[in-house]
Amino acid sequence: METESEPYVRLASLRQLHQGMADMNTARSLADTLQTVADGAVEALGYELACVNLVRPDGDLVVAALSGNAAAESLITGRVGSRESWERRLSMGENWGDLIFIPHSEGWVLDDDDVPQWYTDGPAPRFEDEWHPSDRLFAPMYAPGPQGGGAGELVGVLSVDRPRNGRLPGAWGREALQMYAFQAAIAISNARLRSNMQRALVRLEREQQALRASEESFRQAFEYAPSGMAVAEMGGDQHGRILRTNDALCRLLGRPASAMRRYSFSDLVHPEDIGTLLRTSAEGGRAELRLARRDGTYVWVSLRNSVVADAADGPRFLLTHVEDIEERKRRELHLAHRASHDSLTGLPNSAELRARLSSRLCRQRPSMLPAGGDEAMAGFESFDSQDAAHGPPAFDRGHDFDFPPEAEGFDGYDHHVHAIAPATDHDDGAKGLAVLFCDLDGFKSINDRFGHNAGDTVLIEVARRLSEGVRDGDTVARLGGDEFVILANGLGRADAQDLAVRLRNEIIQPIRAEGRAVRVGASFGIGWAHCGMTADEVLKSADERMYIEKRSRPKQHRRAG
């Protein structure tokens, strides 16, 4: 733009200025906007060279665009000048409104700073308003202040050089450059905002794509997992309610997905496992428990929880992995059963018998026993099967025991009720834990005459008859060989005698073995377990009473096969 006086500004110059401003505001990117600003200063304002120095996030200014000289563009584009050097330049020189003019006579002070520049030296001006090659003219570009206020943050600096007419810009030229810099600051701010928004949109789109991919991966992993998966509510009134299940869990429990949403896991868990479930309702919780199938049966599962958290609201959902362990549990139970039960008869073995007996006994005897109490509690008697027809023998009157409440539990036995023997003289209603030691009479002769297969058949049948002859909750165990033990709690002395009679009468019935009928007899020793004794002591005492009975009868009275 040629230097013109205000009354004589050419219409073409205004059109060039307007077009330059329009081009700045229609550029498609920040880089295009910066280049358009530099090009407009050359084309619309009439300078031979224009440079846009853009403020970086760290405060320094970088040469972002240059127009008018290809050599200068390749040399200094992308180079950085420190903010300190730029502030020094903008604080010195002459203020032409918002413009800063540093004449060549003062520019030598700036020769050693780090601001990238392109200029050549030349002769002194021939007339007063002639442009010197070392003159510097800067147009600071400030973003508009908030709500239409004054100048805001510095966006950059537009530096121009060598007006085409060779003269310093007049009033109109200065005003035009100042207006142009103001509009350039707006255009650059808008372009930067659009660029940031575009980057944010691209980033958001990528995040959404990643989220959609993650959700799809989760959906496929959830739906097609080979083991059961469920999502349940966490917290609130609906805590534990199942929101979503996969096909594997529905097949495992035999329930459709629509029906599963009516339940929580607490509705489906076995009543005995509800405590286990409640203890695993936290992140990382793991448990093995039983869940109900639609047909009313239960299946053993391994249940593992993970918390699905929301950044704003905290934990929201419980992701539960359900694995079918029915087969493993069946093997474990089978192995446990084999370890604790006799392989021939299926009865509890010696180790299991001692464990069950020991669980009823504590290490200390009840305190505050009356005189003679130890003898009464330690009382064991034998029952002669030969005397069954004559009824149980008479007993002497014993003592009634009254224990204080504090004797009811100690040494870890919470609410423990001491096992004691009924009175020794007669049955006065006292109950205790009876231990019946049974030894078969004549069993060895069956083994010797007919072989071990016949003997095994006899043992199996005796075990069945003993099991059917006791109450639910009583224990029938095979101690070894032809010895069996019955634990029967809550019996008086007469009750124990009656039980021994009934069991013996069942045992002596003929047994079919190896194609022939054989018979065995039985000798019983009845003992009473009480706290303060060990399981071995109880069994030994009952065993001794059984041998006393066996030796007390003539050999011909022992029923053999």
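With hydrogens and angles disregarded, no donor-acceptor distance shorter than 3.5 Å links the side chain of T77 to the backbone of S74. Between the H132 side chain and the P123 main chain, a donor and an acceptor come within less than 3.5 Å of each other. Proximity of a side-chain donor or acceptor of D324 to a complementary backbone N or O of S227 within less than 3.5 Å is not detected. With D135 contributing its side chain and W131 its backbone, the two residues share no donor-acceptor pair below 3.5 Å. Under a 3.5 Å cut-off, the side chain of N25 and the backbone N or O of A22 do not form any donor-acceptor pair. Under the 3.5 Å distance criterion, the side-chain polar atoms of S359 are matched with a main-chain donor or acceptor of R356. A distance-only check finds a donor-acceptor pair linking the side chain of H341 to the backbone of H337 [under 3.5 Å]. Counting only distance, with no hydrogens or angles, the side chain of R174 and the backbone of P169 share a donor-acceptor pair below 3.5 Å. S85 places no side-chain N or O within 3.5 Å of a backbone atom of G81 that could act as its donor or acceptor partner. Remark: side-chain polar atoms of D295 are paired, donor with acceptor, to backbone N or O of T297 under 3.5 angstrom.
Shown here for N246 and M229, the closest heavy-atom pair between the two residues is OD1-N, 2.9 Å. Smallest separation of non-hydrogen atoms from Q35 and A65: OE1-CB, 3.6 Å. Scanning both residues, N53 and L61, for their nearest heavy atoms gives O-CD2, 3.8 Å. Nearest heavy atom pair, residue A181 against residue P140, reads CB-O, 4.2 Å. Summarising the geometry of R471 relative to G490, their closest heavy-atom pair is NH1-O, 4.5 Å, with the distance given to 0.1 Å. Nearest approach of E106 to G93, heavy atoms of both residues: OE1-CA, 4.1 Å.
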Which is it for E233 and L318 under the side-chain contact (heavy atoms from CB on, under 4.5 Å) test, yes or no, and what are the steps along the way? CA-CA 6 Å; E233 286 194 18; L318 206 60; over 6 Å; no
Do R136 and D161 pass the side-chain contact (heavy atoms from CB on, under 4.5 Å) test, and can you show the C-alpha distance, the side-chain angles, and the key distance before you say yes or no? CA-CA 7 Å; R136 295 173 175 87; D161 193 13; over 6 Å; no
Going through the distances and angles, do M24 and Y180 end up as a side-chain contact (heavy atoms from CB on, under 4.5 Å)? CA-CA 10 Å; M24 287 190 302; Y180 186 82; 3.8 Å; yes
Kindly indicate, with the supporting measurements, whether the criterion side-chain contact (heavy atoms from CB on, under 4.5 Å) is fulfilled by L291 and L253. CA-CA 8 Å; L291 294 180; L253 300 183; 3.9 Å; yes
Start with the C-alpha distance between D113 and R89, add both sets of side-chain angles, then the distance that settles salt bridge (charged side-chain N to carboxylate O under 4.0 Å, His left out), and finish with yes or no. CA-CA 10 Å; D113 68 13; R89 289 187 174 217; 2.8 Å; yes
Check against side-chain hydrogen bond (donor to acceptor under 3.5 Å, both in side chains), D273 and T276: CA-CA 5 Å; D273 299 334; T276 304; 4.9 Å; no
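For the pair L249 and M260, the minimum side-chain heavy-atom distance is below 4.5 Å. Side-chain contact between P163 and L168: absent, with no pair of heavy atoms (C-beta onward) separated by less than 4.5 Å. Using a 4.5 Å cut-off on side-chain heavy atoms (C-beta onward), V269 and Y298 make no contact. Counting heavy atoms from C-beta outward, R244 and R261 have side chains that stay 4.5 Å or more apart. Side-chain atoms of L357 and L487, non-hydrogen and from C-beta on, do get closer than 4.5 Å to each other. Annotation: side chain of V155 is not in contact with side chain of Y142 (no heavy-atom distance under 4.5 Å). Counting heavy atoms from C-beta outward, V52 and M141 have side chains that approach closer than 4.5 Å. The shortest distance between side-chain heavy atoms of L30 and R194 does not fall below 4.5 Å.
Look at R56 and D58 and you find a salt bridge, because one of the NZ, NE, NH1 or NH2 atoms lies within 4.0 Å of a carboxylate O, short of that distance. Between R328 and E323 no salt bridge is recorded (no basic side-chain N to carboxylate O distance below 4.0 Å). Note on E326 versus K329: no salt bridge recorded, every NZ/NE/NH1/NH2 to OD/OE distance being 4.0 Å or above. Looking at D60 and R83, no side-chain N of the basic residue comes within less than 4.0 Å of a carboxylate O on the acidic one, giving no salt bridge. Ion pairing of E223 with R219 is absent here, as no side-chain N (NZ or NE/NH1/NH2) approaches a carboxylate O to less than 4.0 Å. The pair R212-E205 counts as a salt bridge, with a side-chain nitrogen and a carboxylate oxygen less than 4.0 angstrom apart. By the 4.0 Å N-to-carboxylate-O rule, R290 lies close enough to E272 to be salt-bridged with it.
Between the side chains of D39 and S67, at least one donor N or O lies within less than 3.5 Å of an accepting N or O. At a cut-off of 3.5 Å, with distance as the only test, no side-chain donor of Q117 or R79 sits close to an acceptor on the other residue. No hydrogens or angles considered: a donor-acceptor pair under 3.5 Å links the side chains of D267 and S264.
Counting only residues at least two apart or in different chains, ring-ring contact (aromatic ring centres under 6.0 Å, His included) contacts with residues 73-93 comprise W86-F138.
In this structure, the separation between CG on L34 and SG on C51 is 10.5 Å, given to the nearest 0.5 Å. Note that CD of E175 and CE of M179 are 6.5 Å apart. Values are rounded to the nearest 0.5 Å. N165 contributes atom CG, which lies 9.5 Å from atom CD of E48 (distance to the nearest 0.5 angstrom).
Within a 6.0 Å sphere centred on CD of E94, heavy atoms belonging to other residues, nucleotides or ligands number more than 12. Counting non-hydrogen atoms of other residues, nucleotides and ligands closer than 6.0 Å to CZ of F222 gives a total above 12.
In this structure, R164 is not positioned above the aromatic face of Y47 in the sense of NZ or CZ being under 6.0 Å from the six-membered ring centre and within 45° of the axis. The cationic group of R255 lies under 6.0 Å from the six-membered ring centre of Y263 and within 45° of the ring axis, placing it in a cation-pi geometry.
When each of I325, V322, L252 is tested with V299 by the rule side chain to side chain contact (heavy atoms under 4.5 Å, CB included), just one qualifies, namely L252.
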